[in-house]
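Protein chains get the first letters and strands the later ones, always in sequence-line order, with residue 1 at the start of each.
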Amino acid sequence: MSRYNFKDSERAWQAAWQERNCFAADVDPARPKYYVLEMFPYPSGRIHMGHVRNYTLGDVIARYKRARGYNVLHPMGWDAFGLPAENAAIERGTNPADWTYGNIATMRRQLQSMGLSIDWSREIATCHPGYYRHQQAMFLHFLKDGLAYRRESWVNWDPVDNTVLANEQVIDGRGWRSGALIERRKLSQWFLRITADAESLLDALAGLDRWPERVRLMQQNWIGRSEGARIRFAVDGRDDALEVFTTRHDTLFGASFCAISPNHPLAGALAEGDPALAGFIAECSRLGTSEEAIETAEKRGFDTGLGARHPFVEGRLLPIYVANFVLMDYGTGAIFGCPAHDQRDLDFARKYGLPVTPVILPEGTSAEAFLQGPGVGSEAYVGPGTLINSAFLDGMSVGAAKAEMAKRLAALGAGEAAVTYRLRDWGISRQRYWGCPIPVIHCPSCGIVPVPEADLPVTLPDDVSFEEPGNPLDRHPTWKHVSCPRCGGDGRRETDTMDTFVDSSWYYARYCSPRADAPVVRAEADYWLPVDQYIGGIEHAILHLLYSRFFARAMVRAGYLGIEEPFSGLFTQGMVCHETYRDERGKWLFPSEVDMSGAEARHLETGRPVTIGRSESMSKSKRNVVDPETIIETYGADTARLFMMSDSPPERDLEWTEAGVEGAWRYLNRLWRLIGENELPLTAPGGANGSGQADGAALDVLREIHRAIDRVSDDLEKFGFNRAVARMRELTNTLADFTATDAVSAEVRREGFETLVKLVGPFMPHIAEALWQRLGHDGLLADEAWPEADPAYLAQDTVTLGVQVNGKLRGTIALAAGSAEAESRAAALALPGVVAALAGREPRKVIVVPDRIVNVVV
RNA sequence: GCCCGCUUGGCGGAAUUGGCAGACGCAACGGACUUAAAAUCCGUUUCCUCCGGGAGUGGGGGUUCGAGUCCCCCAGCGGGCACCA
């Protein structure tokens, strides 16, 4: 009895695939295409189990679709710009490029050891000038079209990473990478006009029917559409108007104040002549945006002394406050407050002694009761109702009042219905070295001048130092000093680089023509795109996926692409988890340091007891990581892949266990013994019996074989990989049983073995090739077609029906499929268990569901 | 606070979408082989039981001949958003 030699086998078959160029993809309009893409990795150093899961999932699909006859594109590349390279440079004195390319080499080797069916000739790295020059070209195109622009703005400044972050990258007031508390700063920044596509990005979500509902919801919330109205208030004694956005224009007659953001231009203007106000504003901007800061912060206002004229009430002036809770970057940065029907406005009004006028009467309440009751004491009424105290709106419902108010405002020229989005423009400036340079030049006389197309790419200088904090590009002695392309005078290069999310917003398109002299070749992109199946972690549900959807739209507008939605199918995988271990002093331990063989976990070296903690997502900080390379060296890639796909549904978290890996390894060896070492006549490979000719045991086996084909195929189509593995094991059990008894012919056995090998192929490609060869084939399994289930074997001629009495199972009956109701009924009533349960009573009713169940009701 | 999801044996999970709950695997236990171990093979394994049965899919209620699946209420766990006007 031998063990399967995975080491030699995996090396040999990987070489065979490479030698025959099996997975190279070319445009072929005659064949249906299938583009499978897993989110490309950041080259951090070594692959981790999350990568193994992600790329195994994609590879199973890629191999399955190839076998199904699709022209499959399955590429790989590197999301290679980013801060860790700079941190490594700071810590180890290396160059970010060297560090990155070194990591890529390691991780490429590791990924190749997994046996992925990837077209490596299309490999790209976003840090390569051959990639980012095209990104620069597109940026210039967007700049010309007004899609990219520069403006002074309040930004999220990460004081640890010394850079600006996008709103999406600030989580609970902290930098998504550094975890540092974010400060507000005003800087000139480059933006991409994603808000121009807010409506399209929102509306198109409905059409993404192969996306998880959860992700669509998250994007919907993020875009945050609000329907309401803009209202312009004349400011008493000034020429300018104050524009506010509200969703409750129906409550305008209940308004008792206006409030503007501390960052509002009007506030700034007033502060110039008012030191007290300037002090208040400064205080507000010191307050963080963290959840904690917000919850504990008092609602505070500063009375500017100005008044806003109510558009419909002659002589009513609403005092204008500067208030710390009004955000400049939502709506217009100004609001009107209606205390009776908004909790926050009510709190504010109580604090500053402003009038509270109810204008909505709840259903079924009398005006007297409501006005005297607790309705507007300390709790604002935000529900539906009927308008009161509101002149021409009186008696209307909230909805009707909104419509009427919008009409009246428009007639006055004082406002109109409006829609506001929570989504803000995408700030892409980063004050970092290791990113794509923004290809513009600042000229004192010409202003912002694009780098001429012929001068692209603007490459990063190699000779940079990281000894001081801040942006090395800015400190470089010569790099930024260039002459203005327009006037020839002294200019200065833009030293900001692009957010790395720009790099990953179009890489899926670049894979279609990775070496082309233009960002994309339309004919190739039109053939391959959209990505049919995109696979990655849920953590990208908003950022990367929203940016990519926007970028595709921008590229369509600029003529680079023909489709607005880059990913027609999306699958979000769960994380890989592992138990956590700590020693007596509470120090985290690696699983490889823990001896689990005894009754209690002990430290391998010291023999001291180890505390086992709950299973969590693998992370370096808790040390609950298992190195994929170790697993592949110990058990082989096929075992790692099989374990990844077994048991846990792919969308859920997967618990990595040594025992589970052992189980997968046992299965490989079982297959090897069953098929690889079974002597079969090597003649007539693939010689299946004609359907309907077999009988007895052979027929049973053939049915099992074809049922397995049918179900595994169905499971694969539905991402039911754990179910598919279960079916494969069932078929293995069946074939093993019958092989042991010699009850079926060599032909049927061969059909069973060949089918099983084809079914396991996408999961365990190396051993499948080895077994395919053992079955006497010269060609590669990778080039074989997926098996087809013969409908003749799927039909069942005998079925087993459950028989219930009052919904309780009392026995089963075996009948010919499609038996008449009367026959099923008679057979059921004759069952001893049924007779006993009836105890002489007459059934009141007998329900027969053909070929399923009989329920006798008494 | 608002929105969403999940809850099935000791464990991961399955259940043709309202029709025989626990497939497949892990772990455990028993047996065979072995001088012994590993490996392998064969069994048992939801719980209770007076061995007739009875109970059972987080808890409570409902619809139905029939509910893990549908509806209502509650609990626990997880996720997203949140000073959004």
Side-chain angles (χ1 to χ4, degrees), chain A residues 1 3 171-172 212-222 224-226 228 244-249 251 258-259 261 287 289 291 293-295 297-299 323-327 329-338 342-345 347-348 420-423 538-539 541-542 615 642-643 646-649 651-655 657-664 666-667 669-670 673 710-711 714 720 722-733 736 740 800-813 836 843-849 851-858:
Chain A
M1 190 181 303
R3 283 222 189 169
I171 293 146
D172 280 347
E213 184 60 35
R214 184 156 79 111
V215 174
R216 291 192 285 171
L217 254 159
M218 282 162 71
Q219 292 215 353
Q220 187 183 313
N221 288 339
W222 190 265
R225 185 179 194 274
S226 283
V244 308
F245 174 77
T246 179
T247 56
R248 294 303 305 270
H249 37 303
T251 65
C258 284
S261 164
L287 254 173
T289 48
E291 189 180 357
I294 286 163
E295 268 183 13
E298 225 181 325
K299 307 285 175 275
N324 64 348
F325 62 87
V326 182
L327 306 174
D329 41 11
Y330 184 78
T332 63
I335 61 163
F336 79 75
C338 174
D342 181 285
Q343 190 58 46
R344 197 189 42 207
D345 293 348
D347 296 344
F348 192 81
T420 285
Y421 296 90
R422 208 190 75 102
L423 184 70
I538 186 74
E539 67 274 17
I542 296 171
S615 180
L642 176 66
F643 174 68
S646 310
D647 297 349
S648 291
E651 68 277 11
R652 284 201 215 167
D653 287 352
L654 173 138
E655 168 77 8
T657 63
E658 190 72 13
V661 180
E662 290 279 356
R666 272 202 296 276
Y667 177 66
N669 282 296
R670 188 157 177 244
R673 282 191 306 275
D710 187 53
R711 300 186 71 173
D714 189 51
N722 55 322
R723 294 194 302 267
V725 171
R727 310 288 164 237
M728 284 158 22
R729 298 186 95 127
E730 273 174 338
L731 179 60
T732 309
N733 291 343
T800 309
L801 286 77
V803 179
Q804 302 175 328
V805 175
N806 288 338
K808 257 192 189 118
L809 190 71
R810 296 296 175 185
T812 57
I813 48 175
R844 279 199 293 129
K845 202 163 148 193
V846 179
I847 286 146
V848 179
V849 182
D851 294 350
R852 278 272 166 81
I853 205 161
V854 179
N855 191 9
V856 181
V857 186
V858 284

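Panel note: side chain A:Thr247, backbone A:Gly228; no donor-acceptor pair is recorded below 3.5 Å. Looking only at distances, a side-chain donor or acceptor of A:Asp345 sits under 3.5 Å from a matching main-chain atom of A:Cys338. Of the possible donor and acceptor atoms, none in the side chain of A:Asp342 sits under 3.5 Å from a partner among the backbone N and O of A:Gly337.
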Under 3.5 Å, which protein N or O atoms sit close to an N or O of nucleotides 47-56 of chain B? Give each pair with its distance.
residue, atom, partner, partner atom, Å
B:A55, OP2, A:Lys808, NZ, 3.3

Under-3.5 Å N/O pairs linking protein and nucleotides 8-14 of chain B:
residue, atom, partner, partner atom, Å
B:G12, O2', A:Ser648, OG, 3.0
B:G12, N2, A:Asp647, OD1, 2.9
B:G13, O3', A:Asn722, ND2, 3.4
B:A14, OP1, A:Asn722, ND2, 3.2

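Residue A:Lys299 has its side chain nearest to B:C83 when only B:C65, B:A85, B:C83 are considered. Distance from the side chain of A:Gln804 is smallest for B:A21 among the nucleotides B:A21, B:A27, B:C83. Of all nucleotides listed (B:C20, B:C26, B:A85), B:C26 comes nearest to the side chain of A:Arg666. Comparing B:C83, B:G19, B:C3 by their nearest atom to the side chain of A:Leu217 picks out B:C3. Minimum atom distance to the side chain of A:Arg422 is reached by B:C81, of the listed B:U40, B:A85, B:C81. Checked against B:C81, B:G66, B:A85, the side chain of A:Ile542 finds its nearest nucleotide in B:C81.
At a threshold of 4.0 angstrom between heavy atoms, the contacts of A:Arg344 include nucleobase atoms, whether or not backbone atoms are also involved. Backbone-only engagement by A:Val857 is indicated by non-hydrogen atom pairs under 4.0 Å involving sugar-phosphate atoms exclusively. Nucleic acid contact class of A:Val803 (heavy atoms, under 4.0 Å, all strands): none. Residue A:Gly663 is in sugar-phosphate contact alone, with no base atom involved, counting any heavy-atom pair closer than 4.0 Å across all strands shown. Using a 4.0 Å heavy-atom distance criterion, A:Thr800 is classed as a base contact. Residue contacts for A:Arg711: at a heavy-atom cut-off of 4.0 Å it reaches no nucleic acid atom on any strand shown. Using a 4.0 Å heavy-atom criterion, one finds that A:Asn806 contacts no nucleic acid atom at all.
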Show your reasoning for whether side chain to side chain contact (heavy atoms under 4.5 Å, CB included) applies to A:Ile538 and A:Val215.
CA-CA 8 Å; A:Ile538 186 74; A:Val215 174; 3.8 Å; yes
Test A:Asn722 against A:Asp647 for side chain to side chain contact (heavy atoms under 4.5 Å, CB included), laying out the working first.
CA-CA 5 Å; A:Asn722 55 322; A:Asp647 297 349; 5.6 Å; no
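Residue-to-nucleotide proximity on RNA chain B shows that, of A:Ala659 and A:Ser226, the 5′-proximal contact is made by A:Ala659. Across the interface with RNA chain B, nearest-nucleotide mapping of A:Gly807 and A:Gly660 shows A:Gly660 to be the residue nearer the 5′ end.
Side-chain N/O atoms of A:Arg852 include none lying less than 4.0 angstrom from OP1 or OP2 on B:C65. Residue A:Thr332 places no side-chain N or O under 4.0 Å from the OP1 or OP2 atom of B:A85.
At a cut-off of 3.5 Å, with distance as the only test, no side-chain donor of A:Asn806 or A:Arg844 sits close to an acceptor on the other residue. If you check the side chains of A:Tyr667 and A:Thr732, you find a donor sitting under 3.5 Å from an acceptor.
Taking atom CG on A:Asn733 and atom C1' on B:G25, their separation rounds to 10 Å, with Å as the unit. Rounded to whole angstrom, the span from the CD1 atom of A:Ile538 across to the P atom of B:G79 amounts to 12 Å. Between the CG atom of A:Leu801 and the C1' atom of B:G66 there is a distance of 15 Å, given to the nearest Å. Between the C1' atom of B:A82 and the CD atom of A:Gln343 lies a distance of 16 Å, rounded to the nearest Å. Per the geometry, CE belonging to A:Met218 stands 6 Å off P belonging to B:G80, to the nearest Å. Remark: P of B:A27 and CD of A:Glu662 are 8 Å apart, rounded to the nearest angstrom. The separation between A:Phe348 atom CZ and B:A85 atom P is 18 Å, rounded to whole Å. Regarding A:Asp714, its CG atom lies at a distance of 11 Å from the P atom of B:U17, rounded to whole Å.
Contact annotation: the side chain of A:Arg810 never approaches that of A:Val854 to less than 4.5 Å [non-hydrogen atoms, C-beta and beyond]. Side-chain atoms of A:Ile853 and A:Asn855, non-hydrogen and from C-beta on, never get closer than 4.5 Å to each other. Within the 4.5 Å cutoff, the side chain of A:Phe325 has heavy atoms near those of the A:Ile335 side chain.
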Canonical and wobble pairing (Watson-Crick, G-U, under 3.5 Å) of RNA chain B, dot-bracket with |:
(((((((..(((......[....))).(((((.......))))).(((....)))..(((((..]....))))))))))))....
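Between the P atoms of B:G68 and B:C20, the separation comes to 10 Å (whole Å). Taking atom P in both B:A27 and B:C50, the straight-line distance is 33 Å, to the nearest Å. Here, B:G30 and B:C77 have their C1' atoms 38 Å apart, quoted to the whole Å. Rounded to whole Å, the separation between the P atoms of B:U46 and B:G25 comes to 15 Å. Between the C1' atoms of B:G18 and B:A67, the separation comes to 7 Å (whole Å). Rounded to whole Å, the P atom of B:G31 lies 24 Å from the corresponding atom of B:C24. B:G43 sits 15 Å from B:C33 when the C1' atoms are compared, rounded to a whole Å. With both ends at atom C1', the span from B:G59 to B:U8 equals 15 Å, rounded to whole Å.
Residue-to-nucleotide contacts include no donor-acceptor pair under 3.5 Å from the side chain of A:Asn221 to the base of B:C81.
Classified by its glycosidic torsion, B:G68 falls in the anti category, the angle being over 90° from 0.
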